[in-house]
Protein chains: 2
Amino acid sequence: MSTIYQVAKLAGCAVSTVSRVLNDHPNVSAKTKEKVHYAMNQLNYRPNTIAKSLASQRSDCVGVLVSELHSGFFGTLTGAVETQLRAHKKHIIVTAGHGDASLEKDGIEFLIDRNCDALVLHVEAVSDEYLAELCRGKTPVVILNRELPTCPEHCISLDNEQGGFAATQAVIARGHKNIAYISGPMRKHDARERWDGHCKALQQSGIAYDPSLVVEAKFTQDSGAEAFAVLLQRKVNFSAVVCGNDEIACGVMSAARDAGISLPNELSIVGFDNTNIASYTYPKLASVDYPIFEMGQAAGRKILNEVYDINTAEKDSAFEPTFIDRASLQPLN
Amino acid sequence: MSTIYQVAKLAGCAVSTVSRVLNDHPNVSAKTKEKVHYAMNQLNYRPNTIAKSLASQRSDCVGVLVSELHSGFFGTLTGAVETQLRAHKKHIIVTAGHGDASLEKDGIEFLIDRNCDALVLHVEAVSDEYLAELCRGKTPVVILNRELPTCPEHCISLDNEQGGFAATQAVIARGHKNIAYISGPMRKHDARERWDGHCKALQQSGIAYDPSLVVEAKFTQDSGAEAFAVLLQRKVNFSAVVCGNDEIACGVMSAARDAGISLPNELSIVGFDNTNIASYTYPKLASVDYPIFEMGQAAGRKILNEVYDINTAEKDSAFEPTFIDRASLQPLN
DNA sequence: GATTAAATTGGAACCGCTTCCAATAAAAGA
DNA sequence: TCTTTTATTGGAAGCGGTTCCAATTTAATC
């Protein structure tokens, strides 16, 4: 691997000049530039990113932290950020927090230590205070799916409660009265907020809240199936199940069919997130659209604008959860 | 941010000594070590990864290149590598190749330039020669899902042809004779190999190959649906469809149902990869298991062993595609 | 053609850490 | 106690770039 010194020597100039050519500085004469380019080609020179990063304190890299790398939701998010930035020659460094506070911190520090120019975070275990502190730090941060009261300008999120409300409201609008709810882990704020929205919708329609219709699950298919089994054991009466996310809903579908329930006529099911899953199921899953791709793009654009001074000219609209009606939700006959 | 100099000063020793403490070198007296640790805590010192990387030519990072970040298949792969390495304090840097040769190269160079200690690649556009050249380079490489004749020791792959064979054989074994095939893009070697396997199975059973039963698609749901429509337009007779991957199969399911075909009794469908999708569909999708998670883990272990000298003590078995029978495949009555 | 201003270049310090080699201190052996 | 050996330390030269400042060239003005 050749270095900038060798290029300078071959081109017959100083390293500082080569550096200028490298970084498109003005004030380099055309002929010098050409000599340098020639030398670079000759030597097959590729600048050492690490050295550049150390000297310049920049990296042309954005760090992305998500909970899990498998999982379509985060894949979509990461992909959105990546394509957005890649179009401008910026790269991303992805790492996972695994929903654990210390791993999340570890991941964040790793990204900062790698001189990332900015961070995009989808964290769930770390505290608000920690994040607030982080926002005050040197590295610009964009926080997804979380609303920090002290620094709203760093956050891109959507109203989970409103989404939960929309889902249950849609179910009620189709005549359902006995509505079960399978929530995600209540320690996760989004799960809690969605459930809040559900309760609100019930309340608004004057439907009494019945705790025996609610089960807490993990955000996974298997857990959703188990939760549904619990529901059945309770021998409570319900005509629809609203779920904390699509995976849970998918588990419910399987479990319901295993129990001999015919879908969608005997039971309506609604998910949340509107992931690919919703299109894979049969009947297709009604869900609340969580525009994670658009939000990832928005995060990318925000960074391009604010960190790299690249104007993407696109205005970011506010993100609203919208209910997507599909066959898994049927009116109560 | 404090530097190693400040730590040295506060601890009253040389930077070289601090560096030794940092890297657990032997030959540092207990009391010096303690003084240094004290100073590090006092200053809240965090070593600068970039500087370390520049000086040591290492990074404790493994680069991972996949085609797309969204897509469950690659998510699973990336997740497998990540968890495996994270357990030993190694991080991964993920980037995407988008199935384009120049983006793939760009991504690979990016990873190498970031001083990655090793690379895990799932590339599809780049040439065998380029990869062979890469294998000869300084950075250790693990190549997934591709068999390079010149350097098999770098490759972890499974026999796509055998997988394709197994799928169609299973279909034939259930009495089907008119079997449609919707392939992935033929320019991709895995798509081609799977199709080869299909043909082989037909041949072995003495079923004549009928080109009007074959459609080439992309590896996506929508494309699968379109391909199925093409198949219907041809007015050819078939009782089963074998697909290049699960997404295609999923698209076929939708399209078939839209055409009023009842599943699985009127039409059997088989996928490939055995992704999560297979568990989301109804009927559940028979598929060929592609143990991508295990292969990712194996890649991680290989690197831990060969690059970091960390013995994971687990032997890697050979990877065989296995047919997973599920309800979407029914015997022909 | 001399003078001044502007454009180009070169030099060197610096980014923060590693690592080799020499110097010193401690331990062991005579 | 005095060598000899061994364990600890310090010093300094990199790693490969960036960037500020001063020096040199070139162009512009009179």
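The chains referred to below are lettered A, B, ... by the order of the sequence lines, with proteins before strands, and numbering in each begins at 1. Values below: every heavy atom of this structure, side chains too, minus hydrogens, waters and symmetry copies.
Here salt bridge (Lys or Arg N to Asp or Glu O under 4.0 Å) pairs that include residues 51-77 of chain A, with residues two or more places apart or in two chains, are A:Asp60-A:Lys90.
With rounding to the nearest 0.5 angstrom, the CG atom of A:Asp273 is 8.5 Å from the CD1 atom of A:Ile292. Here A:Glu153 contributes atom CD and A:Cys135 contributes atom SG; the two are 7.0 Å apart, rounded to the nearest 0.5 Å. The CG atom of B:Leu304 sits 10.5 Å away from the CG atom of B:Asp309 when rounded to the nearest 0.5 Å. Remark: B:Ser59 OG to B:His91 NE2 distance equals 11.0 Å, nearest 0.5 Å.
B:Leu54 places its CG atom 11 Å from the P atom of C:dT18, with the value rounded to the nearest Å. Spacing between atom CG of A:Asn23 and atom P of D:dG16 amounts to 17 Å, rounded to whole angstrom units. Taking atom CE of B:Met1 as the reference point, atom P of C:dG16 lies 10 Å away to the nearest angstrom. If you take CG of A:Leu22 and C1' of C:dT9, they are 16 Å apart, rounded to a whole angstrom. Rounded to a whole Å, the CG atom of A:Asp113 is 15 Å from the C1' atom of C:dC15.
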Full working for side-chain contact (heavy atoms from CB on, under 4.5 Å) between A:Leu134 and A:Ile112: CA-CA 10 Å; A:Leu134 198 64; A:Ile112 292 176; 3.9 Å; yes
Steps toward side-chain contact (heavy atoms from CB on, under 4.5 Å) verdict (A:Thr95, A:Leu69): CA-CA 8 Å; A:Thr95 189; A:Leu69 293 172; over 6 Å; no
Trace of the side-chain contact (heavy atoms from CB on, under 4.5 Å) decision for B:Cys155 with B:Arg146: CA-CA 6 Å; B:Cys155 302; B:Arg146 208 152 149 170; 5.6 Å; no
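Nearest-nucleotide positions on DNA chain C for A:Ala55 and B:His25 put A:Ala55 closer to the 5' end. DNA chain D is contacted by both B:Lys31 and B:Gln57; B:Lys31 maps to the nucleotide lying nearer its 5′ end (nearest heavy atom per residue).
Checking C:dG16, D:dT19, C:dT18 against the side-chain heavy atoms of A:Arg58 singles out D:dT19 as nearest. Among D:dG14, D:dT9, C:dG11, the nucleotide with an atom closest to any side-chain atom of A:Ser16 is C:dG11. Listed candidates were C:dT8, D:dT18, C:dC17. Nearest to the side chain of A:Asn27 is C:dT8. Here C:dG11 is the nucleotide among C:dC15, D:dT9, C:dG11 with the atom lying nearest to any side-chain atom of A:Arg20.
Looking at B:Asn145 and B:Ser157, their side chains never bring a donor and an acceptor atom within 3.5 Å of each other. Checked by atom type, the side-chain pair B:Thr32/B:Ser29 shows a donor-acceptor distance below 3.5 Å. Side-chain atoms of A:Ser102 and A:Asp100 form a donor-acceptor pair, as typed in the model, at a separation below 3.5 Å.
By the neighbour-count criterion of 12 heavy atoms within 6.0 Å, atom CD of B:Glu34 is sparsely surrounded, having that number or fewer from other residues, nucleotides or ligands. Residue-environment remark: NZ (B:Lys9) stays at or below the threshold of 12 foreign heavy atoms within 6.0 Å.
Only A:Tyr45, A:Arg46, A:Pro47, A:Asn48, A:Ala51, A:Lys52, listed by number, bring a heavy atom of residues 32-52 of chain A to less than 4.0 angstrom from any atom of DNA chain D. A heavy-atom distance below 4.0 Å to DNA chain D is reached by these residues of residues 4-12 of chain A, ordered by number: A:Ile4, A:Tyr5.
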Identify all pairs in which a protein N or O lies below 3.5 Å from an N or O of nucleotides 27-29 of chain D, and state each distance.
none

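Ring geometry, A:Tyr290 versus A:Phe73: the interplanar angle exceeds 60°, so the pair is classed perpendicular (tilted spans 30 to 60°).
For the helix from C:dG1-D:dC30 to C:dA30-D:dT1, the end axes, each set by the C1' atoms of five terminal pairs, are bent relative to each other by 40° (nearest 10°).
Residue A:Val28 is in sugar-phosphate contact alone, with no base atom involved, counting any heavy-atom pair closer than 4.0 Å across all strands shown. Counting non-hydrogen atoms under 4.0 angstrom, A:Ser19 reaches a base of the nucleic acid.
Heavy atoms only, all atoms of each residue included: B:Val28 and B:Lys33 are closest at O-CE, 4.0 Å.
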Per-nucleotide protein contact string for nucleotides 24-29 of chain C (B base, S sugar-phosphate only, - none; heavy atom under 4.0 Å): ------
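Residue A:Ser29 places none of its side-chain N or O atoms closer than 4.0 Å to OP1 or OP2 of C:dT8.
Using a cutoff of 4.0 Å between basic side-chain nitrogens and carboxylate oxygens, A:Asp106 and B:Lys89 are not scored as salt-bridged.
Checked against the 6.0 Å centroid threshold, B:His122 and B:Phe74 count as a close aromatic pair.
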